[in-house]
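All remarks here apply to the structure that follows.
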Amino acid sequence: MPVEVQTQSIGASSANLKMTPPMRKNAIFGHTMFLLVMLILGLGCDSFPVTVDYFTPSELSPTMSHLWARYSPYYPAAMYEAPPPGCDIVQVNLLQRHGARYPTKSSGKAIKKSVERLKRAKQFRDPSLAFVANYTYALGTDDLAPFGAAQSFEAGELHYDRYASLVDKGMLPFVRASGSNRVVDSAGNWTAGFAYASDYEYTPILSVIIDQTVSWSMSLPCCFADQ
């Protein structure tokens, strides 16, 4: 069944993306985070052992895509392991980035400049670079990419599958996000994935959007992974 998730057009306005899960598209990753605080009370953590691996672009080796610093698609540091039998889960708090986005304006300029320099080469020793001669850089700026929309949707599905036994109509996830469009859309896509995985029995909403013009901790400058 097609599901409507939020992405961004190359311009400034939001656009809807029809997606039949799972949808996979290659894109790059960003920096800003959105916060999902799931106040879930319950018992029986040994009743849902789930092991899930995240998508890595299939045409690239995992090692290569892990070396792109802040442009790497998300990948887990290790496989998920369910808590040991007999333990009690009383609360789950998730802190998650927005989905993959297009380069920032300054990064896009730098990439375009590098492409133009490459196009001035008379020949390439590596024949796989022959495409550069006719390549035009035309990615968007800052906005959420379709792959990023899918990432957040799938994260919502995964978290419902993992914690479904702890959710009920009176204890839905509390979701908040910082105020940029790509972060708000990512949070909405997460709730859409969560609802889809529950067959729409549970439909959490984005409850709080935090004004980034105020000095909140999540709006403070952060170091980049490659610096």
Side-chain angles (χ1 to χ4, degrees), residues 1-8 14 16-17 19-23 29-55 74-83 87-101 144 147-212 214 216-219:
M1 179 178 65
V3 177
E4 187 174 281
V5 296
Q6 296 299 315
T7 183
Q8 292 285 321
S14 295
N16 293 334
L17 172 68
M19 181 179 78
T20 301
M23 184 191 73
F29 203 63
H31 315 301
T32 308
M33 295 179 290
F34 73 87
L35 183 64
L36 305 172
V37 182
M38 301 175 64
L39 301 181
I40 302 177
L41 304 180
L43 301 175
C45 60
D46 56 345
S47 64
F48 47 90
V50 180
T51 300
V52 181
D53 196 5
Y54 275 78
F55 166 74
Y74 171 77
Y75 60 91
M79 298 297 289
Y80 171 76
E81 295 184 8
C87 73
D88 295 336
I89 293 181
V90 297
Q91 187 179 86
V92 178
N93 296 283
L94 302 173
L95 179 64
Q96 185 166 323
R97 286 179 177 270
H98 63 69
R101 58 153 174 79
L144 195 64
F147 174 56
Q151 284 179 307
S152 300
F153 185 95
E154 291 173 359
E157 290 183 293
L158 182 152
H159 293 131
Y160 174 77
D161 290 341
R162 187 173 292 172
Y163 304 116
S165 63
L166 305 180
V167 182
D168 60 43
K169 293 288 181 67
M171 189 62 70
L172 293 179
F174 171 74
V175 184
R176 65 176 181 171
S178 58
S180 70
N181 288 338
R182 63 178 177 266
V183 181
V184 171
D185 286 345
S186 293
N189 292 335
W190 185 93
T191 63
F194 194 95
Y196 178 86
S198 74
D199 199 22
Y200 298 100
E201 181 177 2
Y202 304 114
T203 54
I205 63 172
L206 174 57
S207 298
V208 177
I209 298 176
I210 300 172
D211 184 358
Q212 289 184 280
V214 181
W216 293 93
S217 59
M218 68 165 49
S219 65

Under 6.0 Å from the ring centre and within 45 degrees of the ring axis: does the NZ or CZ of R162 meet both conditions for the six-membered ring of Y80?
yes
Heavy-atom side-chain contact between I210 and V208 under 4.5 Å
yes
Would you confirm whether S198, through its side chain, and A195, through its main-chain N or O, come within 3.5 Å as a donor-acceptor pair?
yes
Rounded at 0.5 Å granularity, tell me how far NE2 in H98 sits from OG in S152.
9.0 Å
Contacts of I209 that satisfy side-chain contact (heavy atoms from CB on, under 4.5 Å) - sequence neighbours left out
V184, L206
Heavy-atom side-chain contact between R97 and Y74 under 4.5 Å
no
N/O donor-acceptor pair under 3.5 Å between E154 side chain and G193 backbone
no
Which atoms form the tightest heavy-atom contact between Y202 and V167, and what is the distance?
OH-O, 3.5 Å
Is the H159 ring parallel, tilted or perpendicular to the Y163 ring (thresholds 30°, 60°)?
parallel
Nearest heavy-atom contact between L144 and A100 is CD1-O, 3.4 Å
Are the side chains of S207 and V175 in touch, meaning some heavy atoms are under 4.5 Å apart?
no
Taking the side chain as everything from C-beta on, heavy atoms only, tell me whether T191 gets closer than 4.5 Å to T203.
no
Side-chain heavy atoms of K169 within contact of E201, under 4.5 Å:
yes
In Å, rounded to the nearest 0.5 Å, how long is the span from CG of L158 to CZ of F153?
12.5 Å
What residues form a ring-ring contact (aromatic ring centres under 6.0 Å, His included) with Y160, not counting sequence neighbours?
F194
